[in-house]
2 protein chains.
Amino acid sequence: MVYIGQKKRMVTLNNRDSLLRSASLLFRQKGYHGVALAEILKAADLPKGSLYYHFPGGKRELATEATLSAGRIVERSVSRAFESAGSFAQGMAAFCDVVADRLRSESPVEACPVASILQASTSEPELRDAARTVLTSWSEGLVLQAARLGHPAPHDAADMVLMQMEGAWLLAVAEQSARPFERLGEMYRKGTGI
Amino acid sequence: MVYIGQKKRMVTLNNRDSLLRSASLLFRQKGYHGVALAEILKAADLPKGSLYYHFPGGKRELATEATLSAGRIVERSVSRAFESAGSFAQGMAAFCDVVADRLRSESPVEACPVASILQASTSEPELRDAARTVLTSWSEGLVLQAARLGHPAPHDAADMVLMQMEGAWLLAVAEQSARPFERLGEMYRKGTGI
DNA sequence: CTTTCTATAGACCATATGGTCTACATCGGG
DNA sequence: CCCGATGTAGACCATATGGTCTATAGAAAG
């Protein structure tokens, strides 16, 4: 429970956030259709009533919000990694380190939030919109960073990085290790990146 | 029904293959957990009995075989694209064209067979093995091509290409267009690839 | 105290799902 | 003509799933 603003109005951000966090984690592990509501509810230790109170749209809405929320977290992580970089390649190397560290602490190694939701986008169009929104937002952030750091073709750089990141994430899930990000980071340090 | 070899033994490869094809298509569209057996059966126009005769292991076995089979198809496609290439970058550009062409003919644009199965690998470990097998096999093929074409770091090249391809495929699904592969191909032509 | 609004609690339901099992069709060989 | 092998047909089942609905708890406001 958390008091918001100066009003004494009590807002249960905790439980809503708890649902988002549990959902995000489970979706990344098993994909949208691979997770049952009961499982999310159990992880968050909340009854069904809470879920449908906070997310009247049910599983779809929960997944959408969880994806957008996870997307923002990754985005902040990108900004932070690039902040102190002297070049685009340095920024990428730093970001790869951050993701690799993160993945090393996960078992199983979880998929990219976007990838985990995208699978279901054929049956749930709303999810594709969420995935697209996040990817667009990541791309824009990367374009800005590339431009700021003097990259000659910021748009190409952003596209390429997005591909490499998503690909590396998929390989990491397959191998259940952070190696792909370590190797990608190394390549950027060697100057073999984009 | 198809006669195989000179023996007059009748082998119903058709129905088994039909199941594999329908399954592969649907899994790529909706992911492993997003497809019901009934749907696959309907697409192949076969009853449940046939499925469990050809694949006693049920959905898992069907998905495993479908993934391995689809993996081999992609692998042959890679070999063909690189065959007449004068450099690794040229081969990649050619392969991007092939995939882009292919995706343009699909609606919806379907995910990579590996990606579509990998989501479910947490609950179905057998699927992770299939995904890994395919990825390893692709990687080995790419290493050979890179070495043959005189790439200075064949292993790095293969890794990088795998990341870019999987990433581009994910972006293509999100955008529902072949653009990502067109752009990746362009970059290889411009020499901005690996 | 009572009312009202927020949020939790979970029983309940229609439907979908993967899987099993028995019956049967077809065909080559004896 | 029958027989065994291969493969098809689909009824049937236990279970799981997303979603709805009513009841209730607790704080804030009057």
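Each chain gets a letter, A, B and so on, in the order the sequences are listed, and its residues count up from 1. Values reported hereafter were calculated over all heavy atoms of this structure, with side chains retained and with hydrogens, waters and symmetry mates removed. Quick caveat, the model's predicted, so the values are computed rather than measured.
With 3.5 Å as the limit, one finds a donor-acceptor pair spanning the side chains of A/Glu126 and A/Thr64.
For the pair A/Leu41 CG and D/dA16 P, the computed distance is 16 Å after rounding to whole Å. To the nearest angstrom, C1' of C/dA16 lies 13 Å from NE2 of A/His33. Rounded to whole Å, atom P of C/dG18 lies 13 Å from atom CG of B/Leu127. The CG-P distance, from A/Asn15 to D/dA25, rounds to 18 Å in whole Å. Remark: C1' of C/dT20 and CG of B/Leu51 are 13 Å apart, rounded to the nearest angstrom. We find that CG of A/Leu46 is positioned 19 Å from P of C/dT6, with the value rounded to whole Å. Rounded to whole Å, the distance from CD on B/Glu39 to C1' on C/dT17 is 12 Å. A straight line from OH of A/Tyr52 to P of C/dA7 spans 18 Å, rounded to a whole angstrom.
The side chain of A/His54 places an N or O atom within less than 4.0 Å of a non-bridging phosphate oxygen (OP1 or OP2) of C/dT8. Contact annotation: B/Tyr53 side-chain N/O to D/dT8 OP1/OP2 distance is not under 4.0 Å. Regarding contacts with the backbone of D/dG10, every side-chain N or O of B/Lys48 stays at 4.0 angstrom or more from both OP1 and OP2.
Between B/Tyr32 and B/Thr67, every side-chain heavy-atom pair lies at or beyond the 4.5 Å cut-off.
The aromatic rings of B/Phe88 and B/Phe82 sit tilted, their planes meeting at an angle between 30° and 60°.
Nearest-nucleotide mapping onto DNA chain D: of A/Gly49 and A/Leu37, the residue sitting toward the 5' end is A/Leu37.
The backbone N or O of B/Arg21 lies less than 3.5 Å from no partner atom in the side chain of B/Ser24, so there is not a single donor-acceptor pair.
Considering only the side chain of B/Pro47, D/dG10 comes nearest among D/dG19, D/dG10, C/dT8.
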